[in-house]
Amino acid sequence: MRGLAMMGIGKIGWVDKVRPSCGPMDAICRPIAVAPCTSDIHTVWAGALGDRHELILGHEAVGEVVEIGSEVKDFKVGDRVLVPAITPDWNSLAAQDGYSMHSNTALGGWKFSNFKDGVFADFFHVNDADGNLALVPEGMDLADACMLSDMVPTGFHGVELADINFGDIVVVIGIGPVGLMSVAGAALHGASEILAVGSRPNCVALAKEFGATDIIDYHNGDIAEQVMSKVGLVDRIIIAGGTVDTFAQAIKMLKPGGKIGNVNYLGEGDFIKIPRVEWGFGMAHKQINGGLMPGGRLRMEKLARMITTKRIHPGKLITHRFEGLDSVEEALLLMKEKPKDLIKPLVIF
Ligand code: NDP
Ligand code: ZN
């Protein structure tokens with residue numbers, strides 16, 4: 001099979017590999033739709049996870065099952081399936097402890113393009129098929145379906161990590177596709193005000209549509225100063241963009257007892273600096289929770305229902321469409337360049 005791989009830090013290329021084999025609990029799928037992710041960009045061009053050679057990229061896909069393991073009960077060849085970016089080992093002790101995404105090691109549920117070949121290929125392997133796959137609901141648009149792999153569950157995990165309650169004043173830092181789903185999730189969780197930080201016009205427009213009540217452009221100065229001049233200190237902050245320095249701004253504008261949920265993949269920088277005084281000298285109960293989304297089938301099924309009942313419209317994130325495996329390279333490079341009109345590209349096979 002062919003696939004688009006990381007060839008080393010800063011390098012991608014096409015590779016020919018043997019189709020992965022199917023264990024008794026596994027599935028082999030062919031992609032029907034895939035999407036490049038900012039995480040692919042951090043992995044290749046920032047070398048965030050270290051060097052990788054000939055590892056096929058991609059972790060966001062909708063697939064069709066082409067081979068199924070003998071022990072798999074609920075899926076068969078020909079099924080169209082939602083594939084979460086995070087596919088934990090559900091019998092691991094970490095999963096039993098409530099941290100499926102860290103099954104066997106930190107971030108261990110993140111297998112595609114991290115520990116094994118990803119989905120930018122003719123075929124890809126899914127471990128624990130019964131625990132990780134979900135059927136694509138009848139009639140679901142492929143753009144909506146593909147955004148269930150990562151953008152919806154990660155954006156929503158930011159909402160969970162920040163623990164948003166009714167009436168909270170919320171800041172969402174970063175309104176790329178992940179942050180936009182955090183805006184939508186914060187609105188569903190009852191935020192009274194959502195200040196969204198970003199600048200690309202498409203993202204700003206969709207943030208307003210998804211529930212943002214105000215927009216902060218980080219190019220116009222310190223985010224904390226801008227936010228505090230409008231609403232004072234805030235209850236909750238979701239970080240879905242920015243750098244290691246973003247945390248200092250977040251701590252500054254957070255109320256005592258407030259919570260920060262980080263889903264940003266910190267690709268560069270060795271340390272995160274927490275300002276001592278604004279952090280209440282270590283005693284202000286300002287919490288920072290950073291997490292990888294949990295993955296798995298139940299979450300996919302539940303989030304898919306939110307699309308079929310029209311509670312969320314993640315397909316609106318798609319601004320650029322491509323066709324066929326060969327075009328994955330162009331779509332990935334587009335994600336790297338981030339032109340002003342881009343939110344998220346989709347490749348249909
Ligand atoms: P994008 O690059 O599309 O969006 C980033 C956002 O952050 C944009 O709105 C951008 O503004 C804004 N931004 C950039 N610089 C700053 C700054 N200095 N201060 C404040 N805001 C800034 O990213 P995605 O939405 O695709 O992904 C967001 C992050 O989530 C990435 O790091 C990605 O790797 C990570 N991720 C994490 C996962 C997890 O499970 N934890 C899974 C998937 C992704 P502008 O509008 O100007 O571009
Ligand atoms: Zn992703």
Side-chain angles (χ1 to χ4, degrees), residues 34-46 48-49 57-61 83-86 100-102 106-107 109-110 112-114 118-120 146-161 171-183 195-207 212 215-224 226-227 237-250 253 261-269 289-295 299 314 317 319 332 334-345:
V34 300
C37 179
T38 305
S39 300
D40 295 308
I41 308 303
H42 293 314
T43 300
V44 178
W45 282 279
L49 299 169
L57 292 161
H59 53 262
E60 301 182 18
V83 185
I86 307 302
S100 56
M101 67 297 265
H102 304 304
L107 314 184
W110 175 12
F112 293 125
S113 68
N114 188 12
V119 302
F120 294 166
C146 199
M147 293 304 97
L148 284 170
S149 287
D150 196 0
M151 297 301 95
V152 178
T154 294
F156 281 16
H157 195 48
V159 176
E160 293 165 336
L161 292 169
V171 178
V172 178
I173 302 178
I175 45 170
V178 172
L180 284 167
M181 291 319 305
S182 294
V183 169
L195 296 96
V197 181
S199 73
R200 277 177 276 159
N202 280 353
C203 297
V204 166
L206 202 52
I215 304 293
I216 305 286
D217 186 340
Y218 60 96
H219 298 98
N220 296 342
D222 185 83
I223 300 169
Q226 292 191 64
V227 167
I237 298 169
I238 299 170
I239 301 182
T243 66
V244 285
D245 296 326
T246 304
F247 290 81
Q249 296 179 300
M253 62 180 153
N262 177 73
V263 288
N264 199 17
Y265 171 7
L266 297 166
E268 288 163 290
N289 295 308
L292 181 71
M293 64 97 156
R299 179 164 282 243
L317 299 173
T319 49
L332 181 67
L334 189 77
M335 204 64 184
K336 178 172 178 274
E337 299 312 324
K338 295 256 157 81
K340 285 268 176 241
D341 61 344
L342 175 80
I343 302 181
K344 186 90 178 171

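The figures here come from the full heavy-atom set of this structure, side chains too, leaving out hydrogens, waters and symmetry mates. Each ligand, and each atom within it, is numbered from 1 in the order the structure gives.
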request  = Quick one: pull up NE2 in H42 and CD in E268 and give me the separation to the nearest 0.5 Å.
outcome  = 8.0 Å
ask   = Once you round to the nearest 0.5 Å, how far does CG of L342 lie from CG of L334?
value =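 Answer for the CG-CG pair, L342 versus L334, is 5.0 Å.
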Who's the nearest protein heavy-atom neighbour of [atom], and how far?
{"atom": "atom 39 (C) of ligand 1", "value": "T154 CG2, 3.5 Å"}
{"atom": "atom 23 (O) of ligand 1", "value": "T38 OG1, 3.3 Å"}
{"atom": "atom 47 (O) of ligand 1", "value": "S199 OG, 2.5 Å"}
{"atom": "atom 28 (C) of ligand 1", "value": "A240 O, 3.2 Å"}
{"atom": "atom 31 (C) of ligand 1", "value": "N264 OD1, 3.4 Å"}
{"atom": "atom 14 (C) of ligand 1", "value": "Y218 OH, 3.4 Å"}
{"atom": "atom 48 (O) of ligand 1", "value": "R200 NE, 2.9 Å"}
{"atom": "atom 9 (O) of ligand 1", "value": "I175 N, 2.8 Å"}

task = Taking the Zn ion (ligand 2) as the reference point, name the nearest N/O/S atom of E60.
result = OE2
Okay, side chain of [X], backbone of [Y]: is any donor-acceptor separation there less than 3.5 Å?
{"X": "N264", "Y": "L266", "value": "no"}
{"X": "D217", "Y": "S199", "value": "no"}
{"X": "K344", "Y": "P36", "value": "yes"}
{"X": "T154", "Y": "V178", "value": "no"}
{"X": "N289", "Y": "L161", "value": "yes"}

Can you tell me if [X] has a non-hydrogen atom under 4.0 Å from ligand 1?
{"X": "I223", "result": "yes"}
{"X": "K338", "result": "yes"}
{"X": "D150", "result": "yes"}

Show me which atoms of ligand 1 lie under 4.0 Å from any heavy atom of [X].
{"X": "G291", "value": "41 (N)"}
{"X": "S39", "value": "33 (C), 34 (O), 36 (N), 43 (C), 44 (C)"}
{"X": "H42", "value": "31 (C), 32 (O), 34 (O)"}
{"X": "G174", "value": "6 (C), 7 (O), 9 (O), 12 (C)"}
{"X": "V263", "value": "30 (O), 35 (C), 36 (N), 37 (C), 38 (C), 39 (C), 41 (N)"}
{"X": "M293", "value": "40 (O)"}

query = Taking heavy atoms and a distance under 4.0 Å, where does I41 meet ligand 1: side chain, backbone, both or neither?
reply = neither
ask   = What part of C203 sits under 4.0 Å from ligand 1 if we count only heavy atoms: the side chain, the backbone, both or neither?
value = neither
task = Would you give the angle at the Zn ion (ligand 2) between C37 atom SG and D150 atom OD2, to the nearest 10°?
result = 130°
Answer whether the closest heavy-atom distance between the side chains of [X] and [Y] falls below 4.5 Å.
{"X": "L49", "Y": "N114", "result": "yes"}
{"X": "H59", "Y": "S149", "result": "no"}
{"X": "D40", "Y": "F120", "result": "yes"}
{"X": "C37", "Y": "M151", "result": "yes"}
{"X": "I238", "Y": "V159", "result": "yes"}
{"X": "P84", "Y": "R299", "result": "no"}

Got an N/O contact under 3.5 Å between [X] and ligand 1?
{"X": "H219", "result": "no"}
{"X": "T243", "result": "no"}
{"X": "P177", "result": "yes"}
{"X": "Y265", "result": "yes"}

task = Give the minimum heavy-atom separation between G198 and I215, together with the two atoms involved.
result =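 Scanning both residues, the minimum pair turns out to be O-CG2, 4.1 Å.
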message = On a heavy-atom basis, I'd like to know which of V172, L107, V178 is closest to atom 27 (O) of ligand 1.
response =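 Minimum heavy-atom distance to atom 27 (O) of ligand 1 goes to V178.
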ask   = Out of V172, V171, V227, which one pairs with I216 under the side-chain contact (heavy atoms from CB on, under 4.5 Å) rule?
value = V227
